[in-house]
Amino acid sequence: MADDELRKEQEPEEDWPTFDWKDGILSSQQDGEAAASAAEAAQREASQQEQPPREPKKKKKHMSVQATILSALVYLLGVLLISYGIATAGWTLANDVLALNKEELTASITIVSGESLDEIAEELEEAGLIEYPLLFKLFAAFTGKAEDGKIVSGTYELTTDMDYSALLTSIGPQSPVRSVVTVTIPEGYTMEEIFALLEENGVCAAEDLMEAAETEDFDYAFLENVSATGANRLEGYLLPDTYEFYMQASATSVINKLLSNFETRFDEEMQAQLEELDRTMEEVMIVASIIEKETDGQDQKDIASVIYNRLSEDNTETNGYLQMDSTIQYLLDERKENLTAEDLAVDSPYNTYLYPGLPVGCICCPGLEAIEAALNPNETDYYYFYLGNDGTTYFFSDYTAFMQFQEEQLTEAEADSGEEDVSSGDEDNAA
């Protein structure tokens, strides 16, 4: 009993809530709960004050049906305009590539050796044959028609009816519209004279021809043992004839055409005559070139005999010296009517007064008749010949007879000249 009383004293008395009629609230426990609720409310209010206020959600704008249709129409119109522009540009470019709807026009175009595709395209544009050089170059590159050897120098007659492909084909090696010129090379022309003639006719520049003659390797058997060097190695082998050349052709192709013609015309019969004569082709061609320059008459075979007789080792008349004025004339810048002692003393392997035997090379390009004479000389004992005042060539077997005839001809010429001078003076006095 005593223990129970002691326990009760130790246990705390429960704080029972009481109702305050004045304030209208419960005391004790209810007051605690109310305080807690108030604290939570204050905390929430503080938290809300720390966070930034949220913006109200925007309401989605809804496009009207009319606005949607208008937007679609604008888009469609833009697509159509772009498509039209592309189609128009494509059609315009196609017209140029395919040569459609072009005004009729013919133009002469000259392409020189080494000219670039850019330069060619510009020339075609300037001539009115194309409108878009860049497109032309792209087409040429894409089709492979601008590769090496596909475009060659020349003069071409081109028209606006030709599309890009036809234009490129027409300026190529198989061109059907390449301009051609006919040139006749006279017998006895030197290589330099031939090149000048070709330049005059628009075939090729003489300078380019001379450079090719000097530097190019022409693969012909008859040139293998030629003694002359440089461009002179071709002297004598550019056969005089009538040719058709492409205008503005390459120098190498022009020279090859001349050499190829010589190779063809010096046929098997001539080869047989050459073997029978027991001379080399070079010797025969040098003799033929001298014949060509010494006479243009029907005495070529007699002059051939004079040359061969003077070349013979056992002759005591000339001791192997040809002494041909034509070989001296070849060394001079201009041909002279009468040679001087100074001319005869020029130190050159072509000087047949200074050196015995044949000159080192041909002195012109002989024609077939002179070559035939060199291959088939008459059998004579002549060592000398002289062109008389009457235009006839006279032949002699000894030096004394030759010199006597020469003096007679000179005296006669001086007398004729004196008579002409007197006659001219009488006419002047009469006037």
Side-chain angles (χ1 to χ4, degrees), residues 186-190 236 279 283-332 334-346 348 350-359 362-367 369-421:
E187 289 85 352
Y189 262 34
T190 64
R279 293 280 183 177
E283 290 173 334
V284 167
M285 291 305 298
I286 294 174
V287 171
S289 71
I290 296 174
I291 294 171
E292 192 72 76
K293 281 298 188 181
E294 290 290 341
T295 180
D296 56 0
Q298 301 298 316
D299 48 19
Q300 292 184 338
K301 291 188 176 183
D302 282 336
I303 290 181
S305 72
V306 170
I307 294 173
Y308 286 124
N309 288 340
R310 293 173 76 102
L311 289 174
S312 61
E313 296 178 356
D314 57 352
N315 94 83
T316 57
E317 283 290 332
T318 65
N319 297 315
Y321 285 87
L322 289 182
Q323 296 178 314
M324 297 288 174
D325 288 357
S326 57
T327 63
I328 304 298
Q329 296 283 6
Y330 183 71
L331 300 174
L332 304 178
E334 294 183 3
R335 189 177 180 85
K336 293 183 177 181
E337 185 175 352
N338 296 303
L339 297 175
T340 65
E342 185 180 356
D343 295 330
L344 299 179
V346 174
S348 167
Y350 286 91
N351 189 337
T352 56
Y353 280 85
L354 199 59
Y355 295 97
L358 289 170
C362 295
I363 61 171
C364 72
C365 293
E369 188 176 352
I371 297 173
E372 286 281 2
L375 288 169
N376 299 280
N378 287 336
E379 293 186 7
T380 72
D381 60 356
Y382 299 145
Y383 287 97
Y384 310 94
F385 63 88
Y386 190 88
L387 181 63
N389 297 331
D390 59 357
T392 302
T393 302
Y394 294 86
F395 295 88
F396 306 90
S397 299
D398 63 85
Y399 184 70
T400 302
F402 166 68
M403 289 303 298
Q404 182 179 349
F405 181 80
Q406 182 176 345
E407 289 176 4
E408 292 173 356
Q409 293 294 300
L410 291 174
T411 302
E412 181 181 313
E414 289 176 359
D416 291 341
S417 176
E419 290 178 2
E420 289 178 2
D421 291 342

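- Scanning both residues, Ile286 and Pro359, for their nearest heavy atoms gives CD1-O, 3.5 Å.
- Distance check, rounded to the nearest 0.5 Å: CG of Leu344 to CG of Asp325 gives 7.0 Å.
- In this structure, Asn389 CG and Glu412 CD are separated by 4.5 Å, a value rounded to the nearest 0.5 Å.
- Atom CZ of residue Phe395 and atom OH of residue Tyr383 lie 15.0 Å apart, to the nearest 0.5 angstrom.
- For the pair Ser326 (side chain) and Glu294 (backbone), a donor-acceptor distance under 3.5 Å is absent.
- Separating the CG atom in Leu387 from the OG1 atom in Thr295 is a distance of 7.5 Å, to the nearest 0.5 Å.
- Considering all non-hydrogen atoms of both residues, Asp390 and Tyr394 come closest at OD2-OH, 2.7 Å.
- Of the inter-residue distances, the one linking Ile307 atom CD1 with Glu283 atom CD reads 12.5 Å to the nearest 0.5 angstrom.
- Of all the heavy atoms in Glu292 and Gly367, the pair that sits closest is OE1-N, 2.8 Å.
- Classified by interplanar angle (parallel below 30°, tilted 30° to 60°, perpendicular above 60°), the ring pair Phe396/Phe405 is tilted.
- Within the 3.5 Å criterion, the main-chain N or O of Leu322 finds a donor-acceptor partner in the side chain of Arg310.
- Under 3.5 Å, the side chains of Tyr384 and Asp398 contain no donor-acceptor pair of N or O atoms.
- Of the possible donor and acceptor atoms, one in the side chain of Asn351 sits under 3.5 Å from a partner among the backbone N and O of Val346.
- Proximity of a side-chain donor or acceptor of Lys336 to a complementary backbone N or O of Gln329 within less than 3.5 Å is not detected.
- Taking every heavy atom of both residues into account, Ala373 and Ala304 meet most closely at O-CB, 3.5 Å.
- Residues Thr340 and Asp343 have side chains that bring a donor and an acceptor to within less than 3.5 angstrom of each other.
- In summary, the side chains of Ser305 and Asn378 do not present any donor paired with an acceptor at a separation below 3.5 Å, with no hydrogens or angles considered.
- Gln409 places no side-chain N or O within 3.5 Å of a backbone atom of Gly388 that could act as its donor or acceptor partner.
- The closest donor-acceptor contact from the side chain of Asn309 to the backbone of Tyr382 lies under 3.5 Å.
- Val284 and Leu375 make their closest contact through CG1-CD2, 3.7 Å (heavy atoms, listed as atom of the first residue, atom of the second, distance).
- Side-chain contact check for Tyr353 versus Ile328: some heavy-atom pair is nearer than 4.5 Å.
- Proximity of Glu369 to Glu372: side-chain heavy atoms (C-beta onward) are nowhere separated by under 4.5 Å.
- Between Cys365 and Gly236, the closest heavy-atom pair is SG-N, 3.3 Å.
- Here Glu187 contributes atom CD and Ile371 contributes atom CD1; the two are 9.5 Å apart, rounded to the nearest 0.5 Å.
- Judged purely by atom type and a 3.5 angstrom limit, Asn315 uses its side chain to pair as donor or acceptor with the backbone of Thr318.
- Taking 4.5 Å as the limit, every side-chain heavy atom of Tyr330 sits out of range of all side-chain heavy atoms of Lys293.
- Side chain of Ser289 to main chain of Ile363: a donor-acceptor pair is present (N/O by atom type, distance under 3.5 Å, no hydrogens or angles).
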